[in-house]
Amino acid sequence: MTRETYGSKPREEIKVDLRSDTFTRPTPAMRRAMADAEVGDDVWREDPTVQRLEAAVAERLGHQAALFVPSGTMGNQICLRLAAPAGTECLANEDNHIFWYEYAAAPVLSGIQLHAVPGERGLLDPAAARRRVRTAPYGVPTSAIAVEQSHNRAGGAVLPLEVLQGLRRLADDAGLHLHCDGARIWNASVATGVPLEGYGRLFDSLSVCFSKGLAAPVGSAVVGDRDLVERARQARALLGGGMRQAGVLAAAALVALDQMVERLADDHANARRTAATVAAAVPGSVDPGSVETNMVLLQAAPFGTDGPGLVKRLGDLGVLAADVDPDQVRLVFHYEVTAEDADRAARAIAAAGA
Ligand SMILES: *Cc1c(COP(=O)(O)O)cnc(C)c1O
């Protein structure tokens, strides 16, 4: 089963693609909006569709302004650059995307030292963070804290609101910038019922993605106050991220924001159901209680193999997955995976452990 898509062939019927929510393709409504988008040169601030998107996303997250950027990586890197002067450091949980998947961009592009703080399930404990805050001349001065909501490498874990509030207090006490990598902040909000702005207002800056579970083809936004976003525009230019008639992309992101957020609850339900089926069939392979949003992490050992071995075995059964480390495999549920697809995948995975 494949959802309706426009202008591209449906994926092969037997495959269920659970590698990532980045594989979602634009919906028919997005394609129509892209075709009809009113556009101008956005570097000259003359693209009305980009401006509508920026106003809409800022409002949703309880901030004054936003800036459309090509990728979540660029969004994070712009924010880190503004948050921490060169030669200072930013605290973050050791499993954050900014350490694992952004190619040392913060030290290379902005001279920022990332300081990895250990913590289970992506957690940055405020007390642990407080012990790591340093000031000159005794160490590299700390200028920022970064969190990730929901947490990718922690299998879609949601950082509790009290933890984020504790980090806000720490940032205020110590004069630090608090940044949120909110690539999947939509999932966190739908899962917990905390409104987007309830999260958004806690942070000095956020980077949010339209191109993950919301299914837009391209794009992210930097969100913050007017001054931060004005400086973000300069940083985007420096990094080569200015785009001209970007309204064709912003149009899809507007549809993503309007139509694709609430439905993430379906992906979460599919993830939970799959985890329950697999846990029952393959003891020790997954803790269903750990599934908070759209991801499921499988331990490979109970299947009698390792991460790459399990990916191969599942692939042979028509279920595409990703080995995120040597002994774990990640399943990601998204718009193009229907409830029937999820159930079919769950049965195949259960069979793989038999
Ligand atoms: C995907 C992702 C990003 C980066 O987004 P790109 O558009 O791929 O650069 C940042 N943070 C998290 C948590 C992500 O999952």
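Predicted, not measured: the structure shown is a model, and the values here were computed from it. Every number for a ligand or one of its atoms is a count from 1 in the order of the listing.
Put simply, Val208 and Leu67 are part of two different groups of oily side chains (I, L, V, M, F, W, Y) that touch within less than 4.5 Å, one to the next. Note: the hydrophobic cluster containing Val190 also contains Leu202 (ILVMFWY, side chain heavy atoms under 4.5 Å, direct or indirect links).
When heavy-atom distances to ligand 1 are checked against a 4.0 Å cut-off, Ser71 comes that close through both its backbone and its side chain. Here Thr73 has heavy atoms under 4.0 Å from ligand 1 in both its backbone and its side chain. Residue Arg184 touches ligand 1 through its side chain alone, judged by heavy-atom distances below 4.0 Å. Contacts of Asn76 with ligand 1, taken as heavy-atom pairs under 4.0 Å, involve the side chain alone.
The shortest contact between atom 7 (O) of ligand 1 and any protein heavy atom is with Gly72 N, 2.8 Å. When hydrogens are left out, the protein atom nearest atom 12 (C) of ligand 1 is His97 CD2, 3.3 Å; that is the closest non-hydrogen contact.
Between Arg45 and Glu230 a salt bridge is recorded (basic side-chain N to carboxylate O distance below 4.0 Å). We find that Asp204 and Arg168 are joined by a salt bridge, their nearest charged nitrogen and carboxylate oxygen being less than 4.0 Å apart.
Of the polar atoms of Lys212, at least one N or O is found under 3.5 Å from an N or O of ligand 1, judged by distance alone. Below 3.5 Å of separation, one finds no N or O of Ser150 facing any N or O of ligand 1. Checked against a 3.5 angstrom limit, the closest N/O atoms of Asp181 and ligand 1 fall inside it.
Of the listed residues (Glu148, Glu102, Gln149), the one carrying the non-hydrogen atom nearest atom 13 (C) of ligand 1 is Glu148.
In summary, the side chains of Asn76 and His179 do present a donor paired with an acceptor at a separation below 3.5 Å, with no hydrogens or angles considered.
Applying the side-chain contact (heavy atoms from CB on, under 4.5 Å) criterion to Asp343, with sequence neighbours excluded, gives Arg273, Arg347.
Side chain of Ser220 to main chain of Gly72: a donor-acceptor pair is present (N/O by atom type, distance under 3.5 Å, no hydrogens or angles).
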